[in-house]
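Notes to accompany the following structure.
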Amino acid sequence: MASKTKNARFDVKEQFEKVEEQFQTLQIINEEGKVVNESAMPDLSDEQLQELMRRMVYTRILDQRSISLNRQGRLGFYAPTAGQEASQLASQFALEKEDFILPGYRDVPQMIWHGLPLSQAFLWSRGHYEGGNIPEGVNLIAPQIIIGAQYIQTAGVALGMKKRGKQSVAVTYTGDGGTSQGDFYEGINFAGAFNAPAIFIVQNNRFAISTPVSKQTAAKTLAQKAVAAGIPGIQVDGMDPLAVYVAVREARERAVNGEGPTLIETLTYRYGPHTMAGDDPTRYRTSDLDNEWEKKDPLVRFRKFLEDKGLWDENKENEVIEKAKEDIKVAIKQADDTPKQKVTDLISIMHEEMPYNLKEQYEIYKEKESK
Ligand SMILES: Cc1ncc(C[n+]2csc(CCOP(=O)(O)OP(=O)(O)O)c2C)c(N)n1
């Protein structure tokens, strides 16, 4: 009897380990920009490859300028993005305009490339209602600050798309810390149960503010959390834009073909602080770890890959840098020129039809504002 129990325990462990071991990291181009997985190469034209690089360079400049603008007091909340460009931009690049993005606070770049004007991104950072007043036809909502909460909303949006017979997907992002939230599990489970066309992306940048992922969970990968929800999960090198693109593109194809949701973990790193509110990364990250991830820089590796193909050079890079700087200058001026917000503005964009209790408040503020 005793030996049977022993064997049974051993079997459980073995079965579990087999599942964990299946989550290998998908990589297509390595740190040197060399293709290591030819068979997984996405079908992208030269122009598309260049466009992806352009967006990554542009976004790195936007990050640098946003940090300066924040320090000058010209922006409010800002969560730095350098290091996460492949994870953020290649995932958005794999989507179509009709797909719906439910972002977290660090996902402003995806919003911009999905159609949000830069001036509105700046206004969102300032807490101005116009920042959350998403233009008609741009399929996204303002970023969620409550970590993991947008996973639930995404399951709902995806189910709504399915019920309306749309050929589109709902996509959301959270960080490694977000995967410890109850909302994360509820969202992926619900989407799995209802076979909803959702893509759940976990940008594992190794830290939830100062908490390392090793203290966040006993799980070896975050992708394996998909198993409990009965949906496919994949871990990709989040510093490799092509690996991210392929994983999201294939998840999208499966979703619109009625094959349900996917969980994608991108292994990435944020080079800057958590936000500009004052955390000091040197207190929770070693310079050795920073150096290790600097070598994986998505811009450096993609630049090498494109240069080897004769698709990128210094002139092209400088053109993008100048364009980004110019756009930012114009957009921050537009944000500055936007009239100060009134309480009535905020109330009037909240609902399609204003509920009676808000109508009362609206009238009170309208009266005050007219004085
Ligand atoms: C439900 C909830 N709990 C706590 C917080 C405070 N908080 C803000 S960001 C953050 C860390 C999030 O880390 P992660 O999910 O890894 O995302 P990252 O910031 O690294 O992109 C925490 C705990 C929050 N916003 N929401």
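If you're wondering where the values come from, they're calculated on a predicted model, not measured in any experiment. Computed from heavy atoms alone, side chains included, the values below leave out hydrogens, waters and symmetry copies. One-based numbering, in listed order, for ligands and for the atoms of each.
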**OP:** Walk me through it: do Thr268 and Trp293 pass the test side chain to side chain donor-acceptor pair (under 3.5 Å)?
**Re:** CA-CA 8 Å; Thr268 184; Trp293 283 87; over 6 Å; no
**OP:** Applying side chain to side chain contact (heavy atoms under 4.5 Å, CB included), run through Leu267 and Arg206 and close with a yes or a no.
**Re:** CA-CA 8 Å; Leu267 294 179; Arg206 330 303 284 189; 3.3 Å; yes
**OP:** List the steps, then state whether side chain to side chain contact (heavy atoms under 4.5 Å, CB included) holds for Ile67 with Tyr78.
**Re:** CA-CA 7 Å; Ile67 289 171; Tyr78 185 68; 3.9 Å; yes
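At least one N or O atom of Arg106, backbone or side chain, sits closer than 3.5 Å to an N or O atom of ligand 1. Any N or O atom pair closer than 3.5 Å counts here, and Ile147 shares at least one such pair with ligand 1. In terms of polar-atom proximity, Phe207 is counted as a contact of ligand 1, with an N or O under 3.5 Å from an N or O of the ligand.
Of the candidates Ala277, Ser180, Gly177, Ser210, the one placing a heavy atom closest to atom 14 (P) of ligand 1 is Gly177.
Atom 10 (C) of ligand 1 is flagged as protein-proximal [any protein heavy atom, distance under 4.0 Å].
The backbone N or O of Ala90 lies less than 3.5 Å from no partner atom in the side chain of Gln110, so there is not a single donor-acceptor pair. Asp240 contributes a side-chain N or O that, together with a main-chain N or O of Ile29, makes up a donor-acceptor pair within less than 3.5 Å.
Asp237 has a carboxylate O that lies under 4.0 Å from a charged side-chain N of Arg301, or vice versa, which qualifies the two as a salt bridge.
The aromatic ring centroids of Tyr105 and Trp124 lie 6.0 Å or more from each other.
Contacts with ligand 1 closer than 4.0 Å are made by side-chain heavy atoms of Tyr105 only, the backbone lying farther away. Counting heavy atoms closer than 4.0 Å to ligand 1, residue Gln203 contributes nothing at all.
Closest to atom 22 (C) of ligand 1 among all protein heavy atoms lies Ile209 CD1, 3.8 Å. Of all protein heavy atoms, the one lying nearest to atom 25 (N) of ligand 1 is Ile145 O, 2.9 Å. When hydrogens are left out, the protein atom nearest atom 15 (O) of ligand 1 is Gly178 N, 2.8 Å; that is the closest non-hydrogen contact.
Those atoms of ligand 1 with a heavy atom of Asn205 less than 4.0 angstrom away are 18 (P), 20 (O), 21 (O). For ligand 1, the atoms closer than 4.0 angstrom to any heavy atom of Gln181 are 1 (C). For ligand 1, the atoms lying closer than 4.0 Å to a non-hydrogen atom of His274 are 9 (S), 19 (O).
Judged by distance alone, the side chains of Asp63 and Tyr271 never bring a donor and an acceptor atom under 3.5 Å apart.
Both the sub-6.0 Å distance and the 45° axial angle are not jointly satisfied by Lys13 relative to the ring of Phe16.
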